[in-house]
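Each chain gets a letter, A, B and so on, in the order the sequences are listed, and its residues count up from 1. Computed from a predicted structure; not experimentally measured. Side chains are part of it too, since the values below use all heavy atoms of this structure and drop only hydrogens, waters and symmetry mates.
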Amino acid sequence: MILVFGEIRDGQLKKASLEALSTARRVGETSGLKVGAVIVGSLTEETKESFQRCGADIIYCLSHPLLGSYSSSGYSNALAQLVTEENPEALLLAATAMGRDLAPRLAARLRVGLASDCVRLELKEGVFEAVRPIFAGKAFLTVQASSSPFLATLRPNVFPVVEKASSSLEVEERKVDLDEDMVKERVEEIIRGEQEELDITEAEIVISGGRGMKGAENFQLLRELSALLPQSAIGASRSAVDAGWIDHQHQVGQTGKTVSPTLYMAFGISGAIQHLAGMSSSKYIVAVNKDPEAPIFKVADFGVVGDLFEVIPHLKEELKKFKS
Amino acid sequence: MNIFVFVKRVPDTESKIRINPTSTNIVFDGLNYILNPYDEYAVEEALRIKESQGGQVTVFSVGPDEAQAILKKCLAMGADEAVLIKDESEELYDGWRTARIIVAALQQHYPDFDLLLFGKQAVGDDNSQVPAMVAEMLGLPQVNVVTKLEIQGSQGVAYREIEGAHEKVVFSLPAVISAQKGLNEPRYETLRGIMAAKRRQIPVLPLEQLGLTEEEIKPKVAVVKVEAPPPRKAGQVIDEEITEAVKKLVAFLHEEAKVI
Ligand SMILES: Cc1cc2nc3c(=O)[nH]c(=O)nc-3n(C[C@H](O)[C@H](O)[C@H](O)COP(=O)(O)OP(=O)(O)OC[C@H]3O[C@@H](n4cnc5c(N)ncnc54)[C@H](O)[C@@H]3O)c2cc1C
Ligand SMILES: Nc1ncnc2c1ncn2[C@@H]1O[C@H](COP(=O)(O)O)[C@@H](O)[C@H]1O
């Protein structure tokens, strides 16, 4: 069996978990491996349907009163118990904030290796093989597990969600054995920013601004663009963040976030190597820069040489026209 | 407060990365090394806690002799002590092994501490594994990707970055914390600090002295191959009248990227 951790936030199953499930299905099929999903807490009808559509054969629901909110030590303990009982060949998690926090703790507990933030996964003659970017994407590393189960986190937005329903779906409740001193940290509160925003790692479209934006107030232009583009979020270069124009949560790059949206738009960003590190795995890159020599044009699929303060208003108009 | 900080020497973020002829690793010759940027936030945070609550800051690095340079930088920033755990192996991209070495060194030689501070990720291996693995091996609480930390007596509150929000996490000491950008603004070394650090002898703890068997620190993920990233094909760059250029851009968004 290939086991996939289903991450639930605010009662909703993360799309990245379905990406992992679809991947498990794809690689499992060739070797006749079953696909299991595991969640902590109770299963909603909606989550169950999502799992079924993407091909889960079985869903395990782990429950314990101490697991009401996320805790890395509590969750990893619970998952380790299931792994010990079911002996899966592999366990996949999405490389989200939760997955990145949980997976290494779980790996240490199970005494196995971990392939972090993978962008490819195959099962070749019974051996799991994953590819992961290193040195911020300047090199690609292919690794195989030398311990079992194979544990990996998958970069969100890279693996497709494939709907391929399983013929039958079992649901199993599992009680977890835990006591208070095994749950070593507790999430007391989740603090959100003022407006509900899509995170750049989860967006289909990332609209980024750099030093060329010239000031915090001009990020409003990008927000107006964002309102016209579905599933989009605002990104930024480090220069824009360091200038205090926008919060660090929005920074793309080596010391910011790594994003792989369908479309990445760079406005007034030169394309420094540390910036490219965070966005060069995007499917399509569009750059607007007034300097025709800007290095960002070397990676852009579509570049416009021009003043962003002229381009954005035109682009807004054209998008509105296109919509109607 | 006895605070330990774990720091790694990593290639400068501007480095051009070349692959070795056997495609088993990158070429390390000629790279310029720096203190891992996230570890700098960890060192700064340790110093701030010490300054407000008293205590001692010790920095540790697992690596070759050359890693003394980053340890000296930490001393120059204000750390009290530095220890090199000497390991001459080339980068293996394996968090397990590093965590195992750190845990053995702590258990055998430095068992008394209140706080273990790390960077959230070593730029290079880009693993984000060592802090959580160390926490599990030592049975400690962990909070990763932290942008704000408050310690009071034996209790801690850390704010960690998640998608579009922060989690406020409570825990008790001793604990493992990994630093994210935003936690603080690291200080520059003072000239006096640099001069003093230069003269310091850094104690070296050789890997062999930790009594770990080969089996225990054997990498748990095997490197099959290291290669250059798939190249991006050059696209079109439009340098013409803006209205025309934008029309073409919208056509691109619709026909090729298919996002509208
Ligand atoms: C350790 C380290 C880590 C780093 N991590 C990151 C990181 O995570 N992310 C990151 O982004 N950077 C990072 N950097 C910084 C990086 O090296 C660059 O300094 C930064 O990316 C530059 O940001 P920028 O492109 O916005 O600014 P600039 O390089 O100044 O480019 C501004 C661009 O805007 C264009 N422009 C100006 N006005 C207009 C206009 N009106 N219309 C159109 N175009 C215009 C200019 O032609 C120029 O190309 C890091 C650096 C270091 C040393
Ligand atoms: N060789 C090392 N020596 C000391 N600390 C390390 C070493 N490798 C990793 N770390 C610490 O663990 C953090 C995460 O590293 P990694 O898991 O490799 O991404 C780093 O930011 C350091 O704080």
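Side-chain atoms of B/Glu227 and B/Ser23 include no donor-acceptor pair closer than 3.5 Å. Side-chain contact, A/Glu129 with A/Thr142: no donor N or O sits under 3.5 Å from an acceptor N or O. In this structure, a donor-acceptor pair under 3.5 Å is absent between the side chains of B/Glu44 and B/Asn184. Checked by atom type, the side-chain pair A/Ser17/A/Glu7 shows no donor-acceptor distance below 3.5 Å. Of the N and O atoms on the side chains of B/Asn25 and B/Glu91, not one donor lies less than 3.5 Å from an acceptor on the other residue. Donor-acceptor pairing under 3.5 Å is recorded for the side chains of A/Ser232 and A/Ser226.
Chain A forms the most heavy-atom pairs under 4.5 Å with one residue out of B/Ser128, B/Ala132, B/Gly124, and that residue is B/Gly124. With chain B as the partner, the residue from A/Glu317, A/His314, A/Gln249 showing the most heavy-atom pairs under 4.5 Å is A/Gln249. Interface remark: of the candidates B/Ala122, B/Ala135, B/Ala158, B/Ala135 forms the most heavy-atom pairs closer than 4.5 Å to chain A.
By the 6.0 Å and 45° rule, B/Lys148 stacks over the aromatic ring of B/Tyr159.
Relative ring orientation between B/Phe118 and B/Phe6 is described as parallel, the plane-to-plane angle staying below 30° on a 0-90° scale split at 30° and 60°. Relative orientation of the A/Phe128 and A/Phe150 rings is parallel, given thresholds of 30° and 60° on the angle between their planes. Note: B/Tyr41 and B/Tyr38 have tilted aromatic rings, judged against thresholds of 30 and 60 degrees for the angle between ring planes.
The contact between B/Ile242 and chain A is made entirely by side chain atoms (from C-beta outward), counting heavy-atom distances below 4.5 Å. Heavy atoms of A/Ile285 lying under 4.5 Å from chain B belong to its backbone as well as its side chain. The parts of A/Gln144 that come within reach of chain B are both its backbone and its side chain, each placing non-hydrogen atoms under 4.5 angstrom from that chain. When heavy atoms are compared at a cutoff of 4.5 Å, A/Arg111 approaches chain B by way of both its backbone and its side chain. With a threshold of 4.5 angstrom between heavy atoms, B/Ile26 approaches chain A through side-chain atoms but not through N, CA, C or O. Of the atoms belonging to B/Val170, heavy atoms from both backbone and side chain fall under 4.5 Å from chain A. Of the atoms belonging to A/His248, it is side-chain heavy atoms, and not backbone ones, that fall under 4.5 Å from chain B. Both the backbone and the side chain of B/Lys248 have a heavy atom closer than 4.5 Å to some heavy atom of chain A. Looking at A/Asp242, the atoms closer than 4.5 Å to chain B (heavy atoms on both sides) all sit in the side chain, from C-beta outward. Of the atoms belonging to A/Val304, heavy atoms from both backbone and side chain fall under 4.5 Å from chain B. Of the two parts of A/Lys283, only the backbone, made up of N, CA, C and O, holds a non-hydrogen atom closer than 4.5 Å to a non-hydrogen atom of chain B. Only the backbone of B/Pro219 comes within less than 4.5 Å of a heavy atom in chain A; its side chain stays farther off. Within the 4.5 angstrom heavy-atom criterion, only backbone atoms of B/Leu140 (N, CA, C, O) approach chain A. Of the two parts of A/Lys257, only the side chain, counted from C-beta on, holds a non-hydrogen atom closer than 4.5 Å to a non-hydrogen atom of chain B. With a 4.5 angstrom heavy-atom cutoff, B/Ile162 touches chain A via backbone and side-chain atoms both. Both the backbone and the side chain of A/Leu114 come within less than 4.5 Å of a heavy atom of chain B. Of the two parts of B/Glu256, the backbone and the side chain both hold a non-hydrogen atom closer than 4.5 Å to a non-hydrogen atom of chain A. Both the backbone and the side chain of A/Leu315 come within contact range of chain B, with heavy atoms under 4.5 Å apart. Proximity to chain A involves both the backbone and the side chain of B/Pro229, based on heavy atoms less than 4.5 angstrom apart. Of the atoms belonging to A/Lys316, not a single heavy atom falls under 4.5 Å from chain B. Contact annotation for A/Ala300: only backbone heavy atoms (N, CA, C, O) come within less than 4.5 Å of a heavy atom of chain B. Residue contact with chain A, scored on non-hydrogen atoms closer than 4.5 Å, involves the backbone of B/Asp125 exclusively. At a 4.5 Å heavy-atom cutoff, the contact between A/Glu189 and chain B is made by backbone and side-chain atoms alike. Contacts of A/Thr201 with chain B are made by side-chain atoms alone, with heavy-atom separations under 4.5 Å and no backbone atom involved.
Summarising the local packing, CZ of B/Arg18 is surrounded by 12 or fewer heavy atoms from other residues, nucleotides or ligands at distances under 6.0 Å. Within a 6.0 Å radius of CZ in A/Arg120, no more than 12 heavy atoms belonging to other residues, nucleotides or ligands are found.
Here the rule is side chain to side chain donor-acceptor pair (under 3.5 Å) with B/Thr147, and of B/Lys120, B/Arg160, B/His166 only B/His166 fits it.
A salt bridge links A/Arg9 with B/Glu167; the closest basic N to acidic carboxylate O contact falls under 4.0 Å. Note on A/Lys290 versus A/Asp307: no salt bridge recorded, every NZ/NE/NH1/NH2 to OD/OE distance being 4.0 Å or above.
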Could you go step by step and tell me if B/Glu66 and B/Arg9 meet the salt bridge (Lys or Arg N to Asp or Glu O under 4.0 Å) rule?
CA-CA 9 Å; B/Glu66 290 79 3; B/Arg9 89 196 255 275; 5.1 Å; no

